[in-house]
Structures are given as structure tokens and as C-alpha cells.
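For reference, the structure is listed below as C-alpha cells.
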Amino acid sequence: MPYRIIGLALVVLGVVSAALGVASATVWRADSTVTATTHLSSDGPTLVTTEPGVLGLVDDRVDITARAANGGDVTIAVGRADDVSGWVGDDPVAQVTGMSDWSTLSTKTVTGKAPTTAPDPTDSDMWVSSTSGTGEVTLPWTARPGQWTALVAATGDDARAPTLALTWDREVTTPWLWPLVGVGAILVVVGLVLLSLGRRSTRNRRQEAVLAVARTSVPTPPAAGAVGDEPAVSTTTTLTRRELREHALREAQNQPRRRSRQRGKEAEDAAAWAGPPVPSADEPEPSTVAIPVDETAKGAADAWRRRWNVPARIPPIERQPAASSGAQDASTSGATPPAAPAPEAPAGSVDGQGTPPGTPGWDDIFGADERRRSRK
């Protein structure tokens with residue numbers, strides 16, 4: 001959270017700083033032209049002069065503009081300070097002493113004996129440069145070595161105090177543009193880095209919270225105590241993040257095996273519930289021949305039967321009784337001899353074949369094996 005707050009504050013400060021730098025070069029940029037004007041009352045003196053050095057306050061080149069109050073005649077002349085002062089003499093005059101601000105010329109009025117008519121400086125040869133006209137006139141001037149003064153005079157019978165305006169061109173610089181923009185860019189970059197760190201920290205905290213909720217505890221089996229001792233207390237071990245990942249990987253690897261074992265168990269349960277097949281009533285019970293098989297050879301016999309596709313039940317072999325010599329003689333003589341009693345089968349034999357009773361047959365051997373597997 002602190003990262004995000006600090007980063008957001010730095011981004012805002014950076015944007016403000018860059019905006020101030022751009023504004024200093026556009027909106028707040030000073031005008032490249034400076035124009036300062038006198039503000040005299042209409043009943044003021046008809047002569048206006050400048051003190052030495054006023055013409056070069058801003059730049060060496062200046063445009064001197066004079067404007068008559070009632071649209072009458074007006075003259076502008078530039079001469080040395082002594083010549084202008086001598087020409088004015090004791091007449092009332094408004095002297096420009098400097099600039100009170102970038103648009104206003106400061107003046108002072110010198111009273112004197114007012115002439116009956118306004119003097120006209122047009123025909124004087126004391127001026128280095130002069131111009132005259134009606135309404136408004138302009139005289140450009142470039143500074144020269146020495147002390148120079150400008151004279152503005154409104155002429156005519158109804159002359160009024162003229163208005164003097166000095167216009168300079170100046171070089172405007174923007175020293176705060178690139179420093180403020182640079183500082184703003186640095187603050188924005190640092191703020192974005194802090195916001196990224198704050199976002200990453202928030203994501204890590206959320207992941208930690210999710211892991212804390214999903215964290216599992218593995219029970220540790222209690223230690224076996226001696227007889228008569230109190231039972232040991234079971235403890236739990238909390239898995240770390242690495243152990244949780246390994247546990248999830250093992251679970252994913254064991255999932256197919258677990259499903260396979262589940263399917264096999266379901267098949268065995270279904271076979272156990274179904275029970276042995278019930279023979280049909282019309283199908284005669286096949287008889288089998290007991291074949292003595294060693295108990296340890298059941299597995300080999302089962303493999304041999306599957307390899308050679310031998311059925312579990314082998315039909316009995318019909319045996320033809322052999323004709324005795326007495327019967328042959330009787331047949332030749334045409335007399336029927338009396339039937340001799342059948343010899344008793346020796347004890348422990350079946351059908352006189354010498355097979356002891358209770359010997360397991362194919363059904364007993366392989367049926368027991370199938371039943372054992374089904375019980376598993």
C-alpha cells in the first residue's frame with residue numbers, strides 16, 4: 001500500500017512539474033515585444049521629452065510613436081540631450097524618466113511659462129532624426145554613442161498633450177522549460193516503478209493469503225510409548241510452498257494409477273456379485289478325467305494351458321473292453337460260457353485305472369486359481 005500511495009503521488013507531481021515547464025514556455029511566456037506608453041491628461045503640456053538613457057532601456061533599437069489627442073499635427077525629433085533641453089527652454093514639458101512597469105512609462109511634469117502657441121520643432125536643424133505628420137507618426141531609432149533624447153511636440157492652435165509610446169524587441173528565454181520537464185519525467189518514471197512494485201506486492205500478498213487458506217497440515221503419527229505410559233500427543237507438520245507443489249505433482253502423477261486401480265476394483269466387485277455362471281438345464285454336465293498334477297506345478301500347468309489353449313475340461317476317452325480267451329473259444333464253439341465275475345477294483349483306484357480318489361482335476365486346479373483371483 002505505501003508503494004502505491006507514494007508512486008501515485010510522484011506521478012501526479014511529475015505531471016504537474018512537466019505541465020508547469022510547458023506553461024512557462026507557452027502560456028506564461030513573456031511577449032517578445034515590449035511597448036510602454038505615457039498616460040497624460042488632456043490639459044497637460046504639449047511637449048514631451050525623454051531623459052538620457054530611456055530610449056535604450058530594453059534594447060538598442062526602439063520605435064518612437066507619437067499620437068495627437070484630437071488628430072492634430074505631431075512631430076518627433078531625436079537630438080542630443082543639451083540641444084533638446086535648450087530648445088524647450090522654460091516651456092512646460094512632461095519628462096519621461098523610465099518605466100513603472102513593462103507597459104507604462106513614468107513621467108514628471110515641469111511647469112513653466114505657457115506660450116501663446118505651441119512651438120513647432122519641425123524646421124529646426126538641431127535634430128539628428130525627425131518626422132512629423134497628422135494623427136500618429138513613428139520614428140525608428142538605433143542607439144548611438146552619447147546622450148540622446150527624444151522630443152515629441154503637438155502643434156497647432158488647438159494642440160493637446162500627445163501620447164508617447166516606446167516599442168522594443170526583446171529576446172525571451174524559457175529557462176524553466178527543460179528543467180521542469182526533466183524533473184517531471186523522472187518523477188513519473190519513479191512513480192510508475194513504485195506503482196509496479198506495489199502491484200507486485202499486492203499480488204504476492206493475495207497469493208500468500210490463498211496459500212494460507214489452502215495450506216494443508218500433514219498429521220505425524222504419534223510415537224509408540226511403553227506399556228503403562230501416557231499416550232503420545234500427535235503433532236502436525238505444515239507443508240511449505242515447495243512441499244505443496246511437490247505434493248500436487250505427485251498427486252497428478254498418481255491419478256492415472258488410482259483410476260486404473262479403481263476401475264479394476266469395480267470390475268472385481270461386479271464379478272463377485274454376479275457369481276459363477278449357471279449352467280443351462282438342457283446342457284449335459286460334462287465329465288472330466290482326473291489327471292494327477294503335482295501341487296507345486298499348478299502355476300506352470302496354468303501357464304501351459306493358456307499357452308497351448310487347452311480347455312479346463314477334457315472329455316473322457318472311451319475304452320473298449322478286451323475280449324478274453326474263453327469268450328473267443330465260446331464264439332468258435334458256438335456255446336455261451338457263463339459270465340465270470342468282474343474283478344474287484346483295488347483299493348484306492350477308480351474304474352480300475354489305478355487313479356487314486358481325491359486327485360484334483362483340471363477344474364479343481366484352474367477353478368480354484370480363478371476363484372482365488374476373484375477373491376483378491
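When every heavy atom of Ser132 is checked against every heavy atom of Thr75, the shortest pair comes out as CB-OG1, 3.4 Å. Contact between Pro45 and Pro162 at its shortest, heavy atoms only, is O-CD, 3.9 Å. The two atoms that bring Ala159 and Ala154 nearest to each other are CB-O, 3.5 Å, heavy atoms only.
When side chains are defined from C-beta on, Val34 does not count as touching Thr167, because their heavy atoms never get closer than 4.5 Å. Side-chain contact check for Thr35 versus Leu166: every heavy-atom pair is 4.5 Å or farther apart. Counting heavy atoms from C-beta on, the side chains of Val48 and Val93 never come closer than 4.5 Å. With contacts defined as side-chain heavy-atom distances shorter than 4.5 Å, the pair Thr37/Thr163 qualifies. For the pair Val11 and Leu195, the minimum side-chain heavy-atom distance is below 4.5 Å. Within the 4.5 Å cutoff, no side-chain heavy atoms of Val84 are placed close to those of Trp148. Val78 places none of its side-chain heavy atoms less than 4.5 Å from the side chain of Trp127.
Rounded to the nearest 0.5 Å, atoms CG (Asp125) and CG (Asp83) are 9.5 Å apart. Atom CD in Glu251 sits 10.5 Å away from atom CD in Gln253 (nearest 0.5 Å). Annotation: the span from Leu40 atom CG to Thr109 atom OG1 amounts to 6.5 Å, rounded to 0.5 Å. Remark: Leu197 CG to Ile6 CD1 distance equals 11.0 Å, nearest 0.5 Å. Taking OG from Ser41 and CZ from Arg160, the interatomic distance works out to 10.5 Å, rounded to the nearest 0.5 Å. A distance of 10.0 Å separates CG of Asp59 from CD of Glu171, quoted to the nearest 0.5 Å.
Counting non-hydrogen atoms of other residues, nucleotides and ligands closer than 6.0 Å to CH2 of Trp176 gives a total of 12 or fewer. When the shell of 6.0 Å around CD of Glu136 is examined, it contains more than 12 heavy atoms from other residues, nucleotides or ligands.
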Query raised in the report: Where do Glu51 and Gln95 land on the side-chain contact (heavy atoms from CB on, under 4.5 Å) test, with the steps shown first?
Result: CA-CA 7 Å; Glu51 291 186 351; Gln95 295 180 348; 3.8 Å; yes
Report task. Go through Asp31 and Arg29 one step at a time and tell me if the salt bridge (charged side-chain N to carboxylate O under 4.0 Å, His left out) criterion holds. Result -> CA-CA 7 Å; Asp31 195 356; Arg29 185 176 182 270; over 6 Å; no
Query raised in the report: Could you walk me through whether Thr107 and Thr38 pass the side chain to side chain donor-acceptor pair (under 3.5 Å) check?
Result: CA-CA 7 Å; Thr107 59; Thr38 59; over 6 Å; no
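Side-chain atoms of Asn254 come within 3.5 Å of backbone N or O of Arg250 as a donor-acceptor pair. Ser85 places no side-chain N or O within donor-acceptor distance of the main-chain N or O of Ala81, the cut-off being under 3.5 Å. Listed for the Asp63 side chain is no donor-acceptor partner under 3.5 Å among the backbone atoms of Leu139. A donor-acceptor pair is defined here as one N or O able to donate and one able to accept, closer than 3.5 Å; such a pair exists between the side chain of Ser24 and the backbone of Gly21. Without hydrogens or angle criteria, Thr142 side chain to Arg61 main chain gives no donor-acceptor distance under 3.5 Å. Counting only distance, with no hydrogens or angles, the side chain of Ser106 and the backbone of Gly98 share a donor-acceptor pair below 3.5 Å.
Checked by atom type, the side-chain pair Thr138/Thr65 shows a donor-acceptor distance below 3.5 Å. Thr149 and Thr49 share no donor-acceptor pair across their side chains, judged by distance under 3.5 Å alone. For the residue pair Thr104 and Asp101, a side-chain donor N or O sits within less than 3.5 Å of a side-chain acceptor on the partner.
Grouping the Ile, Leu, Val, Met, Phe, Trp and Tyr side chains by contacts below 4.5 angstrom, directly or via other members, places Trp141 apart from Trp87. The hydrophobic clustering, which links ILVMFWY residues whose side-chain heavy atoms are closer than 4.5 Å, places Leu194 and Val12 apart. Residues Val15 and Leu180 fall into different hydrophobic clusters, defined by Ile, Leu, Val, Met, Phe, Trp and Tyr side chains chained together at heavy-atom separations under 4.5 Å. Under the 4.5 Å side-chain heavy-atom criterion for grouping Ile, Leu, Val, Met, Phe, Trp and Tyr, Val54 is not connected to Leu151 through any hydrophobic cluster. In this structure, Ile64 is a member of the same hydrophobic cluster as Trp168, with clusters built from ILVMFWY side-chain heavy atoms closer than 4.5 Å.
In this structure, Arg170 forms a cation-pi arrangement with Trp102, its terminal cationic atom sitting closer than 6.0 Å to the ring centre and no more than 45° off the ring axis.
In summary, of the residues considered (Thr131, Val152, Thr155, Leu164), a side chain to side chain contact (heavy atoms under 4.5 Å, CB included) with Val74 occurs for Val152 alone.
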